[in-house]
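As structure tokens, the structure follows; a few thoughts come after it.
One-based numbering, in listed order, for ligands and for the atoms of each. Small disclaimer: the values here were computed from a predicted structure and weren't measured.
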Amino acid sequence: MAIPVIDFSKLSGEERANVMAQLHNGCEEWGFFQLVNHGIPEELLERVKKVSSECYKLEREEKFKTSTPVKLLNELVENKSHTKIENVDWEDVFLLSDDAIESEWPLETPEFRETMTEYRAELKKLAVKVMEVMDENLGLPKGCIRQAFNGGEDGDINAFFGTKVSHYPPCPQPEMVNGLRAHTDAGGVILLFQDDQVNGLQILKDGQWIDVQPIKNSIVINTGDQIEVLSNGKYKSVWHRVLALPTGNRRSIASFYNPSYKATIAPAQQLLEIQPEELKQDYPKFVFGDYMSVYTDQKFLPKEPRFQAVKAK
Ligand code: OGA
Ligand code: NI
């Protein structure tokens, strides 16, 4: 079993209806799918891989050796303990955002900032296209999801577009720690540029963990908790995790188009109106910042109590 692979270039051709149906199925049945021919220049993707790997080698690798997961694992091995580590991830991470200040960028890697700025602008455009596909497939007015993330019709606040650059270095005891613990994503639409070769990302599908197969220069799309709420449960956020592996150094670059912290999120009115009584879901209306306060503490737990917690606010 493999997650759907969808040729995004065919969205503008005579196969449009078919591709729209594939995208709907990807959202509704899988929560994860891969786009090929997505329009991001290969040449740019090659540069992104190059600067990310260079940055890891130059500015991150040495620091990872003294990081918390490495220390914890060393301690357990010294104590001959076989207890699995459940409170940290075997992952090196740094975050980029539109308003990142100078000191937040890795500055020792030539062309990192320039390349990633160009990449993020392209990915943001792709995110908007994907959200418009979701609008249409859900029967919502064009721009509806984007508008909700940007503060409604007045659109006076800005959605958050972030990028998380991760590496999952080889792990000597991969059975004792997770690369990234299982979770659903908090936000809106996530666009992942994962390693060509090293696997490790898995999603939970019908009670089984299945691999998100690496495909060179594809972009993996998944939907977060906010799309689940907006779609009134039609597009559910899906559990996923990253395994720690004994060899390879997996690179993955996740970009997320999320609501502004000030945006109010609720099921789209149009969907509530058409929902038959027996299928009515009970999602709350809340301010996204409040959701994130809950998520910070509960990321690796089921999402339903998070919805309940913000409902009560
Ligand atoms: C995440 C995530 C997957 C990956 O950052 O939320 O699921 O492959 N990342 O790094
Ligand atoms: Ni995730």
4.5 Å side-chain heavy-atom contact, Ile219 and Phe8:
no
Is any side-chain heavy atom of Leu44 closer than 4.5 Å to a side-chain heavy atom of Thr115?
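Counting from C-beta outward, Leu44 and Thr115 do come under 4.5 Å.
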Ignoring hydrogens and geometry beyond distance, is a side-chain donor-acceptor pair present between Arg251 and Ser52 at under 3.5 Å?
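Not at all, the side chains of Arg251 and Ser52 share no donor-acceptor pair under 3.5 Å.
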What's the separation between atom CG in Leu204 and atom CH2 in Trp209, rounded to the nearest 0.5 Å?
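If I round to the nearest 0.5 Å, the distance is 5.0 Å.
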So which of Val242, Leu201, Val93 actually passes side-chain contact (heavy atoms from CB on, under 4.5 Å) with Leu180?
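That would be Val242.
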Quick check on side chain to side chain donor-acceptor pair (under 3.5 Å): which of Glu28, His24, Glu228 does Tyr235 satisfy it with?
His24
Ring pair (Phe, Tyr, Trp, His ring centres under 6.0 Å) contacts in which one or both residues fall within residues 131-151, not counting sequence neighbours:
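Found none.
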Give me the pairs of N or O atoms, one from ligand 1 and one from the protein, that sit under 3.5 Å apart.
{"unit_1": "ligand 1", "atom_1": "5 (O)", "unit_2": "Lys164", "atom_2": "NZ", "d": "2.5"}
{"unit_1": "ligand 1", "atom_1": "6 (O)", "unit_2": "His183", "atom_2": "NE2", "d": "3.0"}
{"unit_1": "ligand 1", "atom_1": "6 (O)", "unit_2": "Asp185", "atom_2": "OD1", "d": "3.0"}
{"unit_1": "ligand 1", "atom_1": "7 (O)", "unit_2": "His183", "atom_2": "NE2", "d": "3.2"}
{"unit_1": "ligand 1", "atom_1": "7 (O)", "unit_2": "His240", "atom_2": "NE2", "d": "2.9"}
{"unit_1": "ligand 1", "atom_1": "8 (O)", "unit_2": "Arg250", "atom_2": "NH1", "d": "2.9"}
{"unit_1": "ligand 1", "atom_1": "8 (O)", "unit_2": "Arg250", "atom_2": "NH2", "d": "2.9"}
{"unit_1": "ligand 1", "atom_1": "8 (O)", "unit_2": "Ser252", "atom_2": "OG", "d": "3.3"}
{"unit_1": "ligand 1", "atom_1": "10 (O)", "unit_2": "Tyr168", "atom_2": "OH", "d": "2.7"}
{"unit_1": "ligand 1", "atom_1": "10 (O)", "unit_2": "Ser252", "atom_2": "OG", "d": "2.6"}

Across all chains, not counting sequence neighbours, the side chain to side chain contact (heavy atoms under 4.5 Å, CB included) partners of Leu272 are Asn232, Pro267, Gln269
Of the protein N/O/S atoms, how many lie under 2.8 Å from the Ni ion (ligand 2):
3
Take the angle between the ring planes of Trp105 and Phe112 and call it parallel below 30°, perpendicular above 60°, tilted in between.
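Ring orientation of Trp105 relative to Phe112: perpendicular.
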